[in-house]
Each structure stands twice: as structure tokens, then as C-alpha cells.
Amino acid sequence: MSAKAYAQSPVSFRVKAGAGIASMWGKNTEENAKFAYKVGVGMEYGFNKTWALQPSLNFVSKGSKEDGKDLGKATVNMLYLELPVMLSARLNLTKTSNLVISGGPYMAYGVGGKTSIDVWLPIPGTTGFHNVHKEYKLNTFGSMTDGNMGCTRFDAGVGLGIAYEYRRIVVGLEGQLGLVKVHDGVSGLSELENMTELKDYAPKNLLMLVSVGYNF
């Protein structure tokens, strides 16, 4: 079946996997990138030969690394179940290939992940402050009062993608820009912010992937 014939089908299904890098963006955010991945299944509803709606359900790894003076070394791992709903435009290149450009919102819910922190903390003593080395390994999601990292489970933002289809095979580049802070400032990292004198820390998820998929 040609890619053009596939585009004429009103409803179709696909599987997709990808790998790339994740990080954070936002005010007072200087995180480094870490490895990220996703696997998922999706559906496409074609309005016509060009326009289609592409909802999907993905399992996605996000997060970041940090090697700063305030927090020391930290690696934040976030695992999400994610629902993007993309509007796509399919441009026919040949009888068997297409260029697909897509964009739209996503919502996600955090289901797991660990955060590793390696810090030096100033502790007051009889002769002044001295640094004490501490290592922590916490659940990324959940309140700090319960011994977790305090990141919020809900995430949402926008995604963009460009893909090349050859018959049923799809290879593409995808990016996501999170619009929700990864902590709420109350049950999240506020205690850590006060301890390290961080102010107005507002990190949001950032993701870039190379993906490969198969259309049924």
C-alpha cells in the first residue's frame, strides 16, 4: 500500500518509539540535558488527503541533570503517561512517500522516577559553618514532607514534529515545550529553595527526540 493510499484511509493506527535528550527551561533554570526516551501507540483520523488528527498514548522519560554551586550534582528522572493530540499536515512527495508536519498540545501524568542528589550543605558549628557531604535518592513525585522530591505529577505543554513517511515506515524529529512548573512551590521544592537561597525557580520540561514508527 502506498503512503498516498494510507493517507486516504479515515482511521488508522501506529506504534512509535524514540530516543533523545530531556532538560528544563524557565526562570533561574540552568539544568543540563539527560537521556530521554518514549514508546507509544496512536491513532490517526484523516479529515482529507492533507489534514489529520493524531492522538496517542505514550510512556515517556523526561528530567534533567544539574551540576551547580547551590544544589551540587543532581539527576532528576521523570516517567510520564502522556496524551498528545496533534494536528498534522501531510505533503505528498512521491507515490510512496510523504512529509508530515504536526503540532498540538499534550497532557501528562507522572507515574514514577527517582531523583539522585549529591550536595555539600553548610552546617553551623562551634567554630562557624562547615560543609557536610550528603547523598539522597528520592522519589521524584510526591510531597517533600513524605520524604519525596516534591515534583508535581501533572504536566502539559505544546509539541512540534516533522516526519518522513515511506510506505508504512515513519522517521521523524519531535520536540516538546512544557508550560507547567515541575513543582508547585508549596509541597514541592520550596523547602530546598529556601535552604539554598534559590528564588523564583520555575523549571519546565523540555524534550527533543528522534523517533521511528510503523503505520498499520
Side-chain angles (χ1 to χ4, degrees), residues 16-40 58-82 84 105-122 131-144 147-162 172-212:
K16 184 184 289 187
I21 58 174
S23 188
M24 301 285 178
W25 75 280
K27 189 174 181 180
N28 291 334
T29 303
E30 298 180 354
E31 273 76 3
N32 299 318
K34 66 175 289 292
F35 175 75
Y37 64 88
K38 83 167 188 177
V39 293
N58 303 320
F59 181 76
V60 185
S61 164
K62 299 182 182 181
S64 66
K65 290 185 177 181
E66 181 169 344
D67 188 10
K69 296 180 180 179
D70 293 317
L71 289 178
K73 295 181 179 180
T75 301
V76 181
N77 295 298
M78 300 174 164
L79 301 177
Y80 291 96
L81 281 179
E82 177 185 88
Y106 77 86
M107 293 186 298
Y109 184 80
V111 295
K114 295 288 186 179
T115 295
S116 300
I117 305 174
D118 188 346
V119 295
W120 290 90
L121 299 177
N131 291 329
V132 176
H133 181 240
K134 296 286 186 179
E135 294 183 5
Y136 303 93
K137 192 162 189 179
L138 313 172
N139 292 321
T140 297
F141 300 110
S143 172
M144 289 186 71
N148 304 310
M149 185 61 181
C151 293
T152 55
R153 294 186 182 274
F154 178 74
D155 185 37
V158 294
L160 293 173
I162 184 169
L173 296 174
E174 303 177 20
Q176 285 186 346
L177 187 70
L179 301 178
V180 177
K181 290 194 299 183
V182 300
H183 67 88
D184 60 17
V186 178
S187 62
L189 298 177
S190 57
E191 298 173 37
L192 190 60
E193 291 171 9
N194 293 332
M195 181 174 60
T196 57
E197 298 181 353
L198 291 175
K199 301 298 180 183
D200 300 321
Y201 184 52
K204 305 174 186 70
N205 278 315
L206 186 65
L207 182 69
M208 296 189 68
L209 298 172
V210 177
S211 63
V212 178

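In this text the structure is predicted, and so the values were computed from the model without any measurement.
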With side chain to side chain contact (heavy atoms under 4.5 Å, CB included) as the test, would you mind laying out the steps for V76 and E66 before giving the verdict? CA-CA 9 Å; V76 181; E66 181 169 344; over 6 Å; no
Spacing of CE belonging to M149 relative to CD1 belonging to I117, to within rounding of 0.5 Å: 4.0 Å
Charged N to carboxylate O below 4.0 Å: is that the case for K38 and E82? no
Under 3.5 Å, side chain of N77 to main-chain N/O of G113, donor-acceptor pair present? no
Using 0.5 Å steps for rounding, measure from the CG atom of L207 to the CD atom of E174. 8.0 Å
So with a 6.0 Å cut-off around NZ of K65, is the heavy-atom count from everything else above 12? no
Which heavy atom in K34 sits nearest to a heavy atom in K62, and how many Å separate them? NZ-O, 3.8 Å
I need the minimum non-hydrogen distance between T140 and M78, along with the two atoms involved. CG2-CG, 3.8 Å
Euclidean distance, N148 CG relative to K114 NZ, rounded to 0.5 Å: 8.0 Å
The criterion is side chain to side chain contact (heavy atoms under 4.5 Å, CB included); which residues satisfy it with T29, sequence neighbours excluded? M24, E31, Y201, P203
How far apart are the C-alpha atoms of Y106 and N58, what are their side-chain angles, what is the distance that settles it, and do they pass the side chain to side chain contact (heavy atoms under 4.5 Å, CB included) test? CA-CA 10 Å; Y106 77 86; N58 303 320; over 6 Å; no
Please name all residues satisfying side chain to side chain contact (heavy atoms under 4.5 Å, CB included) with A33, sequence neighbours left out, ordered by chain then number. I21, S23
I want to know whether F141 and Y109 have ring centres closer than 6.0 Å. no
How close do Y80 and A108 get, counting heavy atoms only, and between which atoms? CD2-CB, 3.7 Å
Test side chain to side chain contact (heavy atoms under 4.5 Å, CB included) on T75 and T115; report intermediate values, then the result. CA-CA 6 Å; T75 301; T115 295; over 6 Å; no
Trace of the side chain to side chain contact (heavy atoms under 4.5 Å, CB included) decision for L177 with L206: CA-CA 5 Å; L177 187 70; L206 186 65; 3.7 Å; yes
Nearest 0.5 Å please: distance from the NZ atom of K27 over to the NZ atom of K181. 10.0 Å
4.5 Å side-chain heavy-atom contact, V60 and L79: no
